[in-house]
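Take this structure, written in structure tokens, and hold onto it; I'll ask about it next.
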There are 2 protein chains.
Amino acid sequence: MKHDDVEGRGDLGVVDALAQLSFVVQGVLGQIAAEHELSIIQTRLLGVLRDRSPGMNELARYLGLDKSSITGLVDRAESRGLVRRKPSSKDGRAIVVSITAAGRKLAQRLASEFKQRMTTLVGPLQPAEQRALSELASRILIHEAAGRGVDLMTAST
Amino acid sequence: MKHDDVEGRGDLGVVDALAQLSFVVQGVLGQIAAEHELSIIQTRLLGVLRDRSPGMNELARYLGLDKSSITGLVDRAESRGLVRRKPSSKDGRAIVVSITAAGRKLAQRLASEFKQRMTTLVGPLQPAEQRALSELASRILIHEAAGRGVDLMTAST
DNA sequence: TATTGTTATACTCTATAACTATA
DNA sequence: TATAGTTATAGAGTATAACAATA
């Protein structure tokens with residue numbers, strides 16, 4: 001007998017709903033990536049490189065991984081022709097990682113398939129409800145990003 | 001110049017907002033799990049076992065993994081004293097996996113820390129907005145689950 | 001000395017295929 | 001034969017620590 005059972009029938013409560021929804025969304029992403037023999041992290045790598053050519057260290061910060069993990073990640077993507085390493089012209093120690101034409105093409109394809117699947121997922125909601133959902137989720141994200149010192153609306157991640 | 005730029009300023013659009021939110025939520029979950037030296041999959045394992053004692057095969061279906069992957073997963077949880085294997089009394093080939101008292105305690109702790117962090121995350125929204133978000137997310141989940149032949153409101157996953 | 005990137009190593013997670021024991 | 005579970009093997013992803021080259 002939950003004393004705080006204020007949710008109407010069919011409602012999971014914010015915490016559970018967002019948790020479960022995150023698994024569903026990640027599942028969609030993982031499935032689409034897998035259809036192209038990619039992992040989620042490889043997909044994120046391509047996403048980051050779509051509008052940037054960072055060094056390994058910088059890449060590690062973007063992805064929240066140790067730089068030693070980036071080495072293997074980039075190795076595998078490079079051996080598939082999706083990204084490329086080039087020595088930095090400014091710093092003899094550094095290298096610059098960039099996406100190849102093939103990598104960009106694949107990234108675009110993944111993005112479009114993801115968008116389509118997500119559109120289907122939110123299909124049961126009316127357009128106005130989708131906008132409301134978008135707005136609420138965005139507000140959470142903006143606050144969360146601000147809490148980490150990032151301006152979501154400016155950062156192009 | 002996007003022709004479909006109908007979103008007000010500060011809005012990412014449903015697809016991007018849900019995608020990014022899923023990474024944030026998974027990040028919270030992963031961080032809390034890591035604070036207790038657990039992975040997300042180990043945490044899910046404990047979650048599943050909170051109200052069930054399935055066989056290995058059944059567990060594989062719940063977690064969406066191959067049964068051979070379950071062996072190692074359960075091995076590691078068992079060696080930490082979080083779960084236990086018992087031979088099935090009905091089927092000589094089968095075993096039954098159940099959570100231990102220590103496992104249950106840890107699972108409860110994880111759940112409570114997760115709830116707290118998530119509550120903070122949605123804190124910027126007014127209570128009524130949180131309810132609206134919960135309702136919209138739940139509707140998506142119910143449809144998605146129904147599409148897989150599962151009744152979310154009855155299934156105790 | 002500090003920083004950039006790689007290597008060596010170890011562990012978790014995952015799948016496929018082959019195997020054992022029971023049904 | 002079919003099913004439950006494990007083992008063998010391989011590979012991705014991750015971290016820590018040690019290292020080389022450059023700043």
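So that the names make sense, note that chain A is the first sequence line, chain B the second, and so on, each numbered from 1. Everything numeric in this text was worked out from a predicted model, so none of it was measured.
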Next item on the list: Treat primed atoms plus P, OP1 and OP2 as sugar-phosphate and everything else as base, then score nucleotides 8-16 of chain D 5' to 3': B for base contact with protein heavy atoms under 4.0 Å, S for sugar-phosphate contact only, - for none.
Entry: ----SSSBB

Checklist line | Side-chain N or O of R85(B) closer than 4.0 Å to phosphate OP1/OP2 of dT6(D) | finding: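 Result: yes.
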
Next item on the list: Grab the CD-C1' distance between E58(A) and dG5(C) for me, whole Å please.
Entry: 14 Å

Checklist line | Atom-to-atom span, CG of D91(B) to P of dA23(C) - whole angstrom | finding: 6 Å

Item checked: Length of the line joining R93(A):CZ and dT1(C):C1', which is rounded to integer Å -> 11 Å

Check: What integer distance in Å separates M56(B):CE from dT22(C):P?
Finding: 17 Å

Next item on the list: Keeping the roles fixed (side chain from T100(B), backbone from L82(B)), state whether a donor-acceptor pair exists under 3.5 Å.
Entry: yes

Next item on the list: With E78(A) as reference, evaluate R84(A), R85(A), K86(A) under the salt bridge (charged side-chain N to carboxylate O under 4.0 Å, His left out) test and give the passing residue.
Entry: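 Among R84(A), R85(A), K86(A), the one meeting salt bridge (charged side-chain N to carboxylate O under 4.0 Å, His left out) with E78(A) is R85(A).
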
Note to self: Rounded to whole Å, please give me the gap between NZ in K90(B) and C1' in dT22(C).
What the structure shows: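 So the NZ-C1' distance, K90(B) to dT22(C), works out to 17 Å.
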
Check: Just checking I95(B): base, sugar-phosphate only, or nothing, at a heavy-atom cut-off of under 4.0 Å?
Finding: sugar-phosphate

Note to self: Donor-acceptor check, side chain of Q26(B) to backbone of Q26(A), threshold 3.5 angstrom: yes or no?
What the structure shows: no

Check: Are the side chain of R50(B) and the backbone of R104(B) linked by a donor-acceptor contact shorter than 3.5 Å?
Finding: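 No, R50(B) side chain to R104(B) backbone: no donor-acceptor pair under 3.5 Å.
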
Next item on the list: Please lay out, stage by stage, how E113(B) and R109(B) fare under the test salt bridge (Lys or Arg N to Asp or Glu O under 4.0 Å).
Entry: CA-CA 6 Å; E113(B) 289 177 14; R109(B) 189 152 174 203; 3.4 Å; yes

Note to self: Whole angstroms only, please: what is the NZ-P distance between K86(B) and dG5(D)?
What the structure shows: 14 Å

Notebook entry, point to check: Are E135(A) and R139(A) close enough, and set up right, to give a salt bridge (Lys or Arg N to Asp or Glu O under 4.0 Å), and what steps lead you there?
Noted result: CA-CA 6 Å; E135(A) 202 258 328; R139(A) 295 237 318 270; 3.5 Å; yes

Note to self: OP1 or OP2 of dT3(C) versus the side-chain N and O atoms of N57(A): is any pair under 4.0 Å?
What the structure shows: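 For dT3(C), OP1/OP2 do not have a side-chain N/O of N57(A) under 4.0 Å.
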
